[in-house]
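All of these numbers come straight from a predicted model, not from anything done at the bench. Along the sequence shown, the residues carry numbers beginning at 1.
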Amino acid sequence: MASEQLDSLDFSILRMLSENARKPFLEIARECGVSGAAIHQRIQKLSAMGVFLGSEAVINPSSVGYYTCAYVGFYLNDPSQFDSIVQKLKEIPEVVECHFTTGKYDMFIKVYARNNDHLLQIIHTKLQNLGSARTETLISFKEVFKRQIPIFDKED
């Protein structure tokens, strides 16, 4: 596992970047008491290990006209269809997350729509004929908070 190969400097870097992904390498270096080159090398190493899933500009959905956020749980007719349904879901741009789950649903997705009418259109024209027995939709009124996972040293 990658976490067993990380040391306290790696965890310090991850903690700082999880709080502010745009923090300059030299500022991280100063706070860690190492050179900027050392930080650059460590970040390259962390990237090569797959610790970073990527970097992205996070867009506020409502600023670009997506005011409705919903979660849709799928009950699949045949769970072996999971892979083919995932491929179909990838073709729907409003679907931004997809999870294979335990519990009540076989699959759970997150959808952004311009409004409730648009959400209904997505459900009726794009989601209902994917091969599920049925779906259950939950509308989010407001995202209260979202954060990174906590980063602790191995000793913590």
**Report entry** side-chain contact (heavy atoms from CB on, under 4.5 Å) between Phe74 and Arg134, intermediate numbers included
**Finding:** CA-CA 6 Å; Phe74 284 78; Arg134 67 186 182 96; over 6 Å; no

Report summary line: Note: Phe52 and Ser47 closest approach over all heavy atoms is CD1-OG, 3.4 Å

Requested in this report: Determine, stepwise, if the pair Val111 / Val96 fulfils side-chain contact (heavy atoms from CB on, under 4.5 Å).
Outcome: CA-CA 6 Å; Val111 179; Val96 297; over 6 Å; no

Query raised in the report: Which pairs count as salt bridge (charged side-chain N to carboxylate O under 4.0 Å, His left out) when at least one residue sits in residues 43-62, sequence neighbours excluded?
Result: Asp10-Lys45

**Report entry** Test of ring centre spacing under 6.0 Å for Phe152 and Phe11
**Finding:** no

**Report entry** Within one Ile-Leu-Val-Met-Phe-Trp-Tyr cluster: Ile92 and Tyr105, side-chain cutoff 4.5 Å
**Finding:** no

Requested in this report: State yes or no: do Val72 and Leu120 share one hydrophobic cluster built from I, L, V, M, F, W and Y residues joined by side-chain heavy-atom distances below 4.5 Å, directly or via other members?
Outcome: no

Query - Contact check, side chains of Leu127 and Leu130, non-hydrogen atoms, under 4.5 Å - result: yes

**Report entry** Results of side-chain contact (heavy atoms from CB on, under 4.5 Å) for Ala38 - residues two or more places apart only
**Finding:** Val34, Ser35

Query raised in the report: Hey, does the side chain of Arg114 reach the backbone of Tyr66 with a donor-acceptor pair shorter than 3.5 angstrom?
Result: no

Report summary line: Rounded to the nearest 0.5 Å, the CG atom of Leu46 sits from the CG atom of Leu6 at a distance of 6.0 Å

Query raised in the report: Are Met49 and Ile39 co-members of a hydrophobic cluster defined by side-chain heavy atoms under 4.5 Å apart?
Result: yes

Query raised in the report: Are Phe108 and Glu97 side-chain neighbours, meaning at least one heavy-atom pair lies under 4.5 Å?
Result: no

**Report entry** CD1 (Ile59) with more than 12 external heavy atoms under 6.0 Å
**Finding:** no

Report summary line: One should read off an interatomic distance between His118 NE2 and Ile123 CD1, to the nearest 0.5 angstrom, of 10.5 Å

**Report entry** Shortest non-hydrogen contact from Met16 toward Cys32
**Finding:** CE-SG, 3.3 Å

Report summary line: Minimal heavy-atom distance between Cys98 and Met107, with the atoms involved, is SG-CG, 4.0 Å

Query raised in the report: Between Phe100 and Phe82, is the gap from one ring center to the other below 6.0 Å?
Result: yes

Report task. Report yes or no: does Asp106 contribute a side-chain atom to a donor-acceptor pair with the main-chain N or O of Pro79 at less than 3.5 Å? Result -> no

Report task. Over 60° means perpendicular and under 30° means parallel, so classify the ring planes of His40 and Phe25, tilted if in between. Result -> tilted

Query raised in the report: Are the side chains of Ile151 and Leu17 in touch, meaning some heavy atoms are under 4.5 Å apart?
Result: no

Report task. Report yes if some heavy atom in the side chain of Asp7 is under 4.5 Å from a heavy atom in the side chain of Arg42; otherwise report no. Result -> yes

Query - Ion pair Glu31/Lys23, N-O distance below 4.0 Å - result: yes

Query raised in the report: Between Glu91 and Lys126, is there a side-chain N and carboxylate O pair less than 4.0 Å apart?
Result: no

Query raised in the report: How long is the span from the CD1 atom in Ile109 to the OG1 atom in Thr137, to the nearest 0.5 Å?
Result: 8.0 Å

Query raised in the report: Can you name the closest pair of heavy atoms from Lys110 and Cys69 and give their distance?
Result: CE-SG, 3.6 Å

**Report entry** Minimum side-chain heavy-atom gap Ile139-Asn116 below 4.5 Å
**Finding:** yes

**Report entry** Contact summary for Leu119 and Ala113, nearest pair of heavy atoms
**Finding:** N-CB, 3.6 Å

Requested in this report: Taking all non-hydrogen atoms of both residues into account, name the closest pair between Tyr71 and Ser140 and its distance.
Outcome: CE1-CB, 4.1 Å

Query raised in the report: Is Ile149 reachable from Ile13 through a run of I, L, V, M, F, W or Y residues, each pair having side-chain heavy atoms under 4.5 Å apart?
Result: yes

